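Keep in mind the model is a prediction, meaning the values are calculated, not measured. In what follows, chains are A, B, ... by sequence order, proteins preceding strands, each numbered from 1.
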2 protein chains.
Amino acid sequence: MVYYNQGLDNTFSALSDPTRRAIVSKIAIGEVPIMELASPFNMSLPAVSKHVRVLENAGLLIRKKRGRVQYCRLNASPMRDATDWLIKYQQFWDTKLDALANFLEEQSK
Amino acid sequence: MVYYNQGLDNTFSALSDPTRRAIVSKIAIGEVPIMELASPFNMSLPAVSKHVRVLENAGLLIRKKRGRVQYCRLNASPMRDATDWLIKYQQFWDTKLDALANFLEEQSK
DNA sequence: GCTATACTAAACCATATGGTTTACTATAAT
DNA sequence: ATTATAGTAAACCATATGGTTTAGTATAGC
């Protein structure tokens, strides 16, 4: 009866790291070799390689090997569940804005 | 020049745990004492207390003490940034569905 | 065939995470 | 005044995480 979503665990966990979010942004543009992913970060290649693996395990990154280069591209679909989960609470973060809107509305009368 | 969003780190990290997501769901309904949060989980009270603290540090939970009971309620606003970040990639997860739609469209002609 | 490139693997390290138990504090009820 | 309730604090533990370095493998270029 205890149920939880391992997919959401992995998605949120993968995206909780700034380096990995930066990687996601990069591979959304198109296929990027791991070398190119590594270059902007002040970090060793094995470290980046590990981040790539984490994203891959979360299903957010797809690897394609051509020759000795591994190209990475985004698979955004797991983000959908994460977004769906978050969106359920949209009404709660909108409340403040609504309250502000109502306040301003009242003021202007 | 290297810049990253600590808020997103904390939000995604806090939400990567199933117990904490369950807590979020509960406190969205209304104010809930920590005791009541703990009860459905097969977990000690200190463990739940720690999860509450993590959510509080991520700005997702607000604590209000009345007597000896601490009531928790949701502050969803940090979720907004997380959702905004995710939504940027919506086009990428929609692609597959679009492709399917196009395929079906072609088939029906 | 040799060397350079683009990685992965493995060993290691420090710190973080998620849980426990045991002890304490503050409020409430009897 | 004593006891029960609702927690937090602290110490501890096992495992995970994010990084390193050093070594190895597979492909490409000369």
Side-chain angles (χ1 to χ4, degrees), chain A residues 2-27 30-73, chain B residues 2-27 30-73:
Chain A
V2 172
Y3 161 85
Y4 69 91
N5 192 323
Q6 183 71 54
L8 281 183
D9 284 20
N10 289 337
T11 306
F12 283 131
S13 178
L15 296 179
S16 71
D17 183 274
T19 303
R20 286 194 294 265
R21 286 199 306 277
I23 291 176
V24 164
S25 296
K26 285 200 138 204
I27 63 179
E31 291 194 329
V32 185
I34 292 184
M35 272 306 293
E36 242 173 83
L37 286 178
S39 55
F41 305 112
N42 191 15
M43 198 179 290
S44 68
L45 190 56
V48 174
S49 179
K50 281 187 180 182
H51 282 302
V52 166
R53 162 103 11 125
V54 171
L55 287 168
E56 189 182 26
N57 289 340
L60 289 163
L61 181 148
I62 291 170
R63 215 189 277 252
K64 204 180 292 178
K65 196 174 178 179
R66 284 202 294 273
R68 65 185 164 183
V69 178
Q70 301 202 13
Y71 295 89
C72 300
R73 67 180 179 81
Chain B
V2 171
Y3 160 85
Y4 69 91
N5 192 323
Q6 183 71 54
L8 281 184
D9 284 22
N10 289 338
T11 306
F12 282 130
S13 178
L15 297 178
S16 71
D17 183 275
T19 303
R20 287 194 293 265
R21 286 199 306 277
I23 291 177
V24 165
S25 296
K26 284 200 140 203
I27 62 180
E31 291 194 328
V32 185
I34 292 183
M35 272 306 293
E36 242 173 83
L37 286 177
S39 54
F41 305 112
N42 191 16
M43 198 179 291
S44 67
L45 190 56
V48 174
S49 179
K50 279 187 181 185
H51 283 301
V52 166
R53 163 107 7 130
V54 171
L55 287 168
E56 190 181 26
N57 289 340
L60 289 163
L61 181 148
I62 290 170
R63 215 188 277 253
K64 205 180 291 179
K65 196 172 179 180
R66 285 202 293 273
R68 65 184 164 185
V69 177
Q70 300 202 14
Y71 295 88
C72 300
R73 65 179 181 83

Specify the separation, in whole Å, of atom [atom1] of [X] and atom [atom2] of [N].
X: A:Met43; N: D:dT17; atom1: CE; atom2: P; result: 16 Å
X: B:Leu37; N: D:dT8; atom1: CG; atom2: P; result: 11 Å
X: A:Leu15; N: D:dG18; atom1: CG; atom2: C1'; result: 16 Å
X: A:Arg63; N: C:dA6; atom1: CZ; atom2: P; result: 16 Å
X: B:Asp17; N: D:dT17; atom1: CG; atom2: C1'; result: 15 Å
X: B:Lys65; N: D:dT5; atom1: NZ; atom2: C1'; result: 12 Å
X: B:Glu36; N: D:dA6; atom1: CD; atom2: P; result: 10 Å
X: B:Phe41; N: C:dG18; atom1: CZ; atom2: C1'; result: 14 Å

query = So which one's nearest nucleotide on DNA chain D is more toward 5', A:Gly67 or A:Ser13?
reply =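 It is A:Ser13 whose nearest nucleotide is closer to the 5' end.
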
Closest nucleotide among [options] to the [X] side chain:
X: B:Arg68; options: C:dT27, C:dT8, C:dC7; result: C:dT27
X: A:Thr19; options: D:dG19, C:dC7, D:dA6; result: D:dG19
X: B:Ile34; options: C:dT21, C:dC7, D:dG7; result: D:dG7

request  = Look at B:Gln70 and D:dT8 and indicate whether a side-chain polar atom (N or O) is within less than 4.0 Å of OP1 or OP2.
outcome  =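 Yes, because at least one side-chain N or O of B:Gln70 sits under 4.0 Å from OP1 or OP2 of D:dT8.
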
inquiry  = I want to check one thing: is the phosphate of C:dG19, taken as OP1 and OP2, less than 4.0 Å away from some side-chain N or O of B:Ser44?
reply    =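 Checking B:Ser44 against C:dG19: no side-chain N or O falls below 4.0 Å of OP1 or OP2.
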
query = Under 3.5 Å, side chain of A:Ser13 to main-chain N/O of A:Asn10, donor-acceptor pair present?
reply = no

message = So does A:Gly7 get a backbone contact from the side chain of A:Thr11, meaning a donor-acceptor N/O pair under 3.5 Å?
response = yes

key: Sugar-phosphate only, base, or nothing, as touched by A:Arg66 at under 4.0 Å among non-hydrogen atoms   = nothing

key: Heavy-atom check, side chain of B:Leu55 versus side chain of B:His51, under 4.5 Å   =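 They are not in contact (no side-chain heavy atoms under 4.5 Å apart), so the answer is no.
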
key: Closest approach of B:Asn5 to A:Arg21 (non-hydrogen atoms, all atoms of both residues)   =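 Looking at all heavy atoms of both residues, the closest pair is O-NH2, 3.3 Å.
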
key: Members of residues 45-60 of chain B that approach DNA chain C, where some heavy atom sits under 4.0 Å away   =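 Nucleic-acid contacts, sorted: B:Pro46, B:Ala47, B:Lys50, B:His51.
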
key: Angle by which the axis turns from one end of the helix from C:dG1-D:dC30 to C:dT30-D:dA1 to the other, five pairs per end, to 10 degrees   =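 So the angle between the two local helix axes works out to 20°.
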
query = Out of A:Lys26, A:Arg63, A:Arg66, which one pairs with A:Glu31 under the salt bridge (charged side-chain N to carboxylate O under 4.0 Å, His left out) rule?
reply = A:Arg66

